[in-house]
Amino acid sequence: MKAVPSLAETVGALRAELDEGRRALRERYQRRPAPALLLRAHAALVDRVLARLWEVVRLCAEATLVATGGYGRGELFPASDVDVLVLLAAPPSDTERARLGALVSALWDAGLEASHSVRTLDECLSAAHADITIATALLEARWLCGSRPLYDRFAATLQRALDPARFLEAKRLEMEQRHARHQDTSFALEPNLKDAPGGLRDLQTVQWIARAAGFGTGWRALVRRRLLLPSEAAAAARHERLLRDLRIRLHFRAGRREDRLAFDYQNALATELGIAARAEHRAGELLMRRYYRTARGVTQLVTILMQDFETMLRPGTDPPAVRELNERFRVRGALLEVRDERVFARTPQALLEAFLLLQQHPELRGMSAATLRALWHHRRRIDARVRRDPVARGLFLLCLQQPRGVVHEFRRMNQYGILGRYLPEFGRIVGQMQHDLFHVYTVDQHILMVLRNVRRFFIAEHSHEYPFCSQLAAGWDKPWIFYVAALFHDIAKGRGGDHSELGARDVRSFCRQHGIAREDARLIEFLVSEHLTMSRIAQKEDLSDPDVIGAFAQ
């Protein structure tokens, strides 16, 4: 009679099978990268290993093994945790606890980094109600093996208990908190592919909400529900593919779970993707520009979808009040809305006017989804003709001269591609890396941060931060001069040559085109051309020498 293999022998064989399967998947991916295929194949490989372990450990009949989280939706990255739930019909006996312990040990011994939980159906409901992370993981549950009737009862009960409106609000709050942990920017120099704004988690969040609301799964389902245009669904799929590809490659290269696109990996990943260095830019810098464009596209899509979800899932509220602002815009609730989606096509200058109206109407908290969509799709209407138009130039200068909302709206202009369209010099530094000790963001984000810092000198509530600067600012009647200088101080980075001199030339042209008075223009140009002087002297010259200080003062 053939001997039955022991648990240890089975686990050893399964570990070898898993190692060989993962090695084959990696080799196949290196020959022909297909992110969705790899994620499904890896999940299927782990499915087989878990099914065999479940069969060997032999838990009670009224138990089932459930895949949850990313593994539950059939997407398992090379080094991600394997999230599983052991679902029981009743609290376990002592014998069952021993077998559960043996199962968990076997998972790890087989080479699976398992994140496991053991719950009854009632415990699942309580945990999901108390913790949105658990509720989300269970939303994507998938039966693996064990009692199918128990799983079906579990799935039906969870679906009935799910409140889509409450789920939406919880996921919105969770996303805001996650973004805050990453300084609310997609443009860190070493971004987190999964959790940073514009990362994979944002795409997953809108898909979770759609699933909870019964809108379907996948981008095509949102097109059928008229929540996305076909072109937007194609863009979402394209963004998702790049982010998945980068994360897969990062896991392979690091040999562990690593989601931060650190400097050490950027050039190597760029080479894998066939990106070659250019005269002014490393291959890794060009890869990061592609990433930043993707992250910005994700943020735009997610912002639009979250607004649409809120409109559709808001329970029993009256329609928002509508009032007209002018012949192009109206206010719906607390959102700015175009009166006609063709407004931007007919009047491209209105692309700038929208941001000015947000500055002038503090009761507004943003733009409607329809307006954001129209703005994004018509941003290329800002061309050389519009840049020469006196109305457009006046609107742009007015945006800089407003008493409020300058930083917020210029950040929004950059997010939606308007700032780089109106100022092509700015467009060239969007997503551009900086490798030095003084910058932790891309050039465009650094410029906007400087704009924010200068702006705070002129706001009384921030006077405690730099009292002397605020005291000087209080006596200055044209703060917008400093805002223009801030916008242009690093705008020529990466062109070769002295960026201060090149930036001074750019801002001189800007001042002439926008009709800025000669005296004001001279000061702006001086600020841009000399913005490195203080730091150069402070770091490289003898500050105890009166001649050095005198020369600087002069």
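With E525 as the partner, the salt bridge (Lys or Arg N to Asp or Glu O under 4.0 Å) test is satisfied by one option alone out of R505, R518, R508: R508. The one candidate from F355, F426, F396 that meets the ring-ring contact (aromatic ring centres under 6.0 Å, His included) condition with F410 is F396.
In this structure, CZ on R342 lies 11.5 Å from OG1 on T347, to the nearest 0.5 angstrom. The structure places CG of N192 at 9.5 Å from CG of L261, a figure rounded to the nearest 0.5 Å. Separation of atoms CH2 (W208) and CD1 (I132) is listed at 9.5 Å; rounding is to 0.5 Å.
The aromatic rings of W376 and Y416 sit perpendicular to each other, their planes meeting at more than 60°, with 30° as the lower class boundary.
Side-chain N or O atoms of Y292 include one that pairs as donor or acceptor with a backbone N or O of A188 at under 3.5 Å. Although no hydrogens or angles enter the test, the distance criterion places a donor-acceptor pair under 3.5 Å between the side chain of T311 and the main chain of Q307. Remark: side-chain polar atoms of T533 are paired, donor with acceptor, to backbone N or O of E530 under 3.5 angstrom. Side-chain atoms of Q266 come within 3.5 Å of backbone atoms of L189 as a donor-acceptor pair (strictly under, hydrogens ignored). When atom types are taken as modelled, the side chain of H251 and the backbone of A79 share a donor-acceptor pair closer than 3.5 angstrom. In this structure, the side chain of D444 engages the main chain of G431 through a donor-acceptor pair within 3.5 Å. Although no hydrogens or angles enter the test, the distance criterion places a donor-acceptor pair under 3.5 Å between the side chain of S186 and the main chain of P197. Between the side chain of R379 and the backbone N or O of G417, no donor-acceptor pair lies under 3.5 Å. Using a distance-only test at 3.5 Å, with no hydrogens or angles considered, a donor-acceptor pair links the side chain of R296 to the main chain of N414. Side chain of H361 to backbone of L357: no donor-acceptor contact under 3.5 angstrom is found.
The environment of CZ in R404 is crowded: more than 12 heavy-atom neighbours from other residues, nucleotides or ligands sit within 6.0 Å. Atom CD of E324 is surrounded by more than 12 heavy atoms from other residues, nucleotides or ligands within 6.0 Å. R346 CZ: more than 12 foreign heavy atoms inside a 6.0 Å radius. Within a 6.0 Å radius of CZ in R290, no more than 12 heavy atoms belonging to other residues, nucleotides or ligands are found.
The residues R330 and D340 are annotated as not salt-bridged, no charged nitrogen and carboxylate oxygen being separated by less than 4.0 angstrom. Between R373 and E232 there is a salt bridge, with a side-chain nitrogen of the basic residue lying less than 4.0 Å from a carboxylate oxygen of the acidic one. Using a cutoff of 4.0 Å between basic side-chain nitrogens and carboxylate oxygens, R456 and E461 are not scored as salt-bridged. The pair E174-K171 meets the salt-bridge criterion, with a side-chain N (NZ, NE, NH1 or NH2) lying under 4.0 Å from an Asp/Glu carboxylate O. Electrostatic pairing of E363 and R323 counts as a salt bridge here, judged by a charged N lying under 4.0 Å from a carboxylate O. Salt bridge E327/R339: absent, no basic N to carboxylate O contact under 4.0 Å.
Residues R428 and I491 are not in side-chain contact: their nearest non-hydrogen atoms beyond the backbone lie 4.5 Å or more apart. Within the 4.5 Å cutoff, the side chain of V484 has no heavy atoms near those of the Q401 side chain. Taking 4.5 Å as the limit, some side-chain heavy atom of L356 sits within range of a side-chain heavy atom of Q402. Inter-residue side-chain proximity for L139 and L162 is flagged as met; some heavy-atom pair is nearer than 4.5 Å. Residues P33 and R249 are in side-chain contact: their nearest non-hydrogen atoms beyond the backbone lie under 4.5 Å apart. Side-chain atoms of V331 and E337, non-hydrogen and from C-beta on, never get closer than 4.5 Å to each other. Between F458 and S470, every side-chain heavy-atom pair lies at or beyond the 4.5 Å cut-off. Taking 4.5 Å as the limit, some side-chain heavy atom of R388 sits within range of a side-chain heavy atom of R393.
Inspection of the R201 and Q204 side chains reveals an N or O donor paired with an N or O acceptor under 3.5 Å. There is a side-chain donor-acceptor pair under 3.5 Å between H446 and D490. Side-chain contact check for Q432 and R289: at least one donor-acceptor pair (N or O, by modelled atom type) lies under 3.5 Å. Between the side chains of Q349 and D389, at least one donor-acceptor pair of N or O atoms lies under 3.5 Å. Side chain to side chain, H179 and D195 fail the donor-acceptor criterion of an N or O pair below 3.5 Å. A side-chain donor-acceptor contact under 3.5 Å links W219 and E240. Residues E285 and N267 have side chains that never bring a donor and an acceptor to within less than 3.5 angstrom of each other. Judged purely by distance below 3.5 Å, without hydrogens or angles, the side chains of T371 and S368 pair a donor atom with an acceptor atom. Using modelled atom types and a 3.5 Å distance limit, the side chains of R178 and H182 yield no donor-acceptor pair.
The heavy-atom pair separating R381 from A345 by the smallest distance is NH2-O, 2.6 Å. Across every non-hydrogen atom of L313 and A165, the tightest pair is O-CB, 3.4 Å. For L203 against V206, the heavy-atom pair with the smallest separation is O-CG2, 3.2 Å. In terms of heavy atoms, P348 sits closest to V386 at CB-CG2, 3.7 Å. E140 and G70 get closest at one heavy-atom pair: OE1-N, 4.3 Å.
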Derivation and outcome, side-chain contact (heavy atoms from CB on, under 4.5 Å), residues E310 and M306: CA-CA 6 Å; E310 186 175 0; M306 291 295 281; over 6 Å; no
Worked check of salt bridge (Lys or Arg N to Asp or Glu O under 4.0 Å) between E258 and R247: CA-CA 8 Å; E258 174 60 84; R247 192 176 182 220; over 6 Å; no
Pair R495-D506, salt bridge (Lys or Arg N to Asp or Glu O under 4.0 Å): steps then yes or no: CA-CA 12 Å; R495 289 193 217 164; D506 289 342; 2.5 Å; yes
Derivation of the side-chain contact (heavy atoms from CB on, under 4.5 Å) call for I516 and L397: CA-CA 9 Å; I516 294 174; L397 204 54; 4.2 Å; yes
Working for salt bridge (Lys or Arg N to Asp or Glu O under 4.0 Å), residues R40 and E75: CA-CA 5 Å; R40 288 196 301 271; E75 296 176 6; over 6 Å; no
Side chain to side chain donor-acceptor pair (under 3.5 Å) evaluation trace for R412 with H408: CA-CA 6 Å; R412 204 193 307 250; H408 195 82; 3.2 Å; yes
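F215 does not carry R225 over the face of its six-membered ring by the limits of under 6.0 Å from the centre and within 45° of the normal.
Under the 6.0 Å cut-off for aromatic ring centres, Y441 and F187 do not qualify, their centroids lying 6.0 Å or more apart. The aromatic ring centroids of F482 and W476 lie less than 6.0 Å from each other.
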